[in-house]
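Everything quoted here is computed from the prediction, not taken from an experiment.
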Amino acid sequence: MRKVLAYSVLLLVGLALSQFLPQLTGGLHDQVATSIRVLTMTGLAFIMIHVGFEFHIDKTNLRQYGWDYFVAFTAASFPWIFVTGYFVFVMLPSDVWGNADAWKETLLAGRFAAPTSAGVLFSMLAAAGLGATWLFRKARILAIFDDLDTVLLMIPLQILLVGLAWQLGGVVVLMAVLLIVAYVFLHRITLPVTWGWVLFYAAAIVGTSEVLYELTKVIDPSVPIHIEVLLPAFVLGCIARPRIAGQRATRRGDAGESGTQAAQAESELHELLERPREQRAAAWVAAVFMLLVGLSLPQIFEGDDAQHVEPTPASLHAAAPAASVDDPTQLGGEYEGRYTATVTASQPQMSWGAILFHVLVLSAISNLGKMFPALCYRREAHWRERLAVAIGMWPRGEVGAGVLVLSLSYGIGGPIVTVAMLSLALNLALTGVFILFVKRLIAPISREPQGSQPQPARSQ
């Protein structure tokens, strides 16, 4: 657990430094924030490529993955519903409960509670020595589907705020194409997969995403295309296979690739990734990623009125949103005065005691919403493992921070966003505690190592 402790300390250090970043960097804050965002996404892409390496599916049992997606959908939707309801019925006055704009704003801001931080979760579970467990395999599938669902549902929420835009439809089409590619070419493309190459692939994916964003911003600065790197990085890992293994298998058709050859390819990939050099490189990347995730949190306590912070270019680019819009304050015209016109931003300040109370309640109900997986998979796993999977879904991170940054870019603010940011920070700071509890929860269960798919557990 020393590695988990080290990762937790790095997260806390990053969280603390993020609140002083503008003062430390001065006039270079925008450039530093952009660098942090790019490096954070590069680390996430590196981790997700490795997750793709380890991902295998049984194409004869696709119904199982449909059920997994449904479970992940609930794990993303219930926290969102609970948090949005809390924002409206507890934190907003009753005279705006029927206000459509209030619901639009809180639906978007409340989405921060939906995504599990896949990068943080996988790094922490691996550091805790749980990489070969049913818990890790199931959490891997659910967290990926969870984040994918978050990205998809951000699109209709953006449509509510900015109207129909072809860019948003293009993102959906691209995501569908990537999923098809991952399914058809699962571990069939020969690629070098040592850590240096993986880091290069990660940087290339992030660079492509950034270039696409800048190019489409020229076309329409209100809705540029921003591709979340999580999915393309995962897909690249899914289609890759080691060069040696690829040479031993035929290139086309299931008829030419026997089960023995596929198993040999998987074995060689695992053998390569277990080399000490590869393990050290992955650990260093994960450690830097933890620090960067902490640094990516937008500044919470800023200015004399910290609960009504106007979004600046620096705050807009302090984290990577799942889908982003450019700073509307630079557009003029219809966007002028937008930040004081929103329902949430016009709410009065709260005492910091009330803020703390809301943070604790919001954190509790958002994590409660993640507990549905504990009621599922009764034929696959012990109740301790199912409960551990649900708790393992609690960590939030870079994607949730990106949702809040996106909310700021639309003028959503006031105490609601302050509470959401503090709740996210608290949840992130407790990630190590969550993983420690998960490890102790499943410690009494003695199970033999299983294959890539979980087998039915013993009767309870």
Side-chain angles (χ1 to χ4, degrees), residues 1-21 24 32-54 116-132 136 139-140 143 147 193-203 205-206 229-230 233-234 237 272-297 318-320 392 394-402 424-439:
M1 296 298 291
R2 286 181 297 180
K3 189 180 290 186
V4 174
L5 177 61
Y7 287 173
S8 300
V9 170
L10 288 169
L11 276 172
L12 292 173
V13 170
L15 284 170
L17 289 177
S18 69
Q19 301 307 300
F20 301 99
L21 198 61
L24 295 174
V32 172
T34 298
S35 299
I36 290 173
R37 175 175 59 83
V38 171
L39 290 173
T40 303
M41 291 301 101
T42 303
L44 175 62
F46 183 95
I47 293 169
M48 293 309 300
I49 291 173
H50 274 263
V51 171
F53 287 159
E54 303 284 344
T116 295
S117 177
V120 172
L121 174 61
F122 301 149
S123 298
M124 285 290 197
L125 289 177
L130 301 175
F136 182 85
R140 176 178 59 195
D147 284 357
V193 294
T194 54
W195 74 267
W197 280 102
V198 174
L199 191 60
F200 169 76
Y201 300 148
I205 290 171
V206 174
V229 301
L230 181 146
F234 173 70
L272 176 63
L273 297 178
E274 289 297 323
R275 293 175 182 175
R277 184 179 179 182
E278 296 294 322
Q279 292 286 304
R280 286 194 298 270
W284 275 106
V285 171
V288 174
F289 173 73
M290 293 296 171
L291 179 65
L292 291 170
V293 169
L295 284 169
S296 296
L297 189 73
W394 286 2
R396 272 72 161 194
E398 68 288 339
V399 179
L424 180 69
L426 176 63
N427 194 283
L428 193 58
L430 292 175
T431 297
V433 177
F434 299 154
I435 300 303
L436 178 62
F437 184 71
V438 164
K439 186 175 178 67

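- Counting heavy atoms from C-beta on, the side chains of W394 and T116 never come closer than 4.5 Å.
- In this structure, F136 and A126 approach most closely via the heavy-atom pair CE1-N, 4.5 Å.
- Taking the side chain as every heavy atom from C-beta outward, L121 and I435 approach each other to under 4.5 Å.
- When every heavy atom of A233 is checked against every heavy atom of A45, the shortest pair comes out as CB-O, 3.5 Å.
- The aromatic rings of H50 and F46 sit tilted relative to each other, their planes meeting at an angle between 30° and 60°.
- How far CE of M48 is from CZ of R140: 10.0 Å, rounded to the nearest 0.5 Å.
- We find the CG-OG1 distance between L436 and T431 to be 12.5 Å, quoted to the nearest 0.5 Å.
- Here the options are W195, Y201, W197, the test is side chain to side chain contact (heavy atoms under 4.5 Å, CB included), and the partner is L199; only W195 passes.
- Residues A139 and F122 approach most closely at O-CE2, 4.0 Å, considering heavy atoms.
- Under the 4.5 Å side-chain criterion, counting only non-hydrogen atoms from C-beta, R396 is not in contact with L428.
- Rounding to the nearest 0.5 angstrom, the gap separating the CG atom in L295 from the CG atom in L10 is 10.0 Å.
- Shown here for A202 and T42, the closest heavy-atom pair between the two residues is CB-O, 3.5 Å.
- Here S35 pairs with nothing under the side-chain contact (heavy atoms from CB on, under 4.5 Å) rule; sequence neighbours left out.
- To the nearest 0.5 Å, atom CG of residue L291 and atom OG1 of residue T40 are 8.5 Å apart.
- When all heavy atoms are compared, the tightest approach of F289 to V120 is CE2-N, 3.8 Å.
- Contact check for V32 versus L24: no side-chain heavy atoms found under the 4.5 Å cut-off.
- Counting only heavy atoms from C-beta outward, the side chains of S123 and M290 approach each other to under 4.5 Å.
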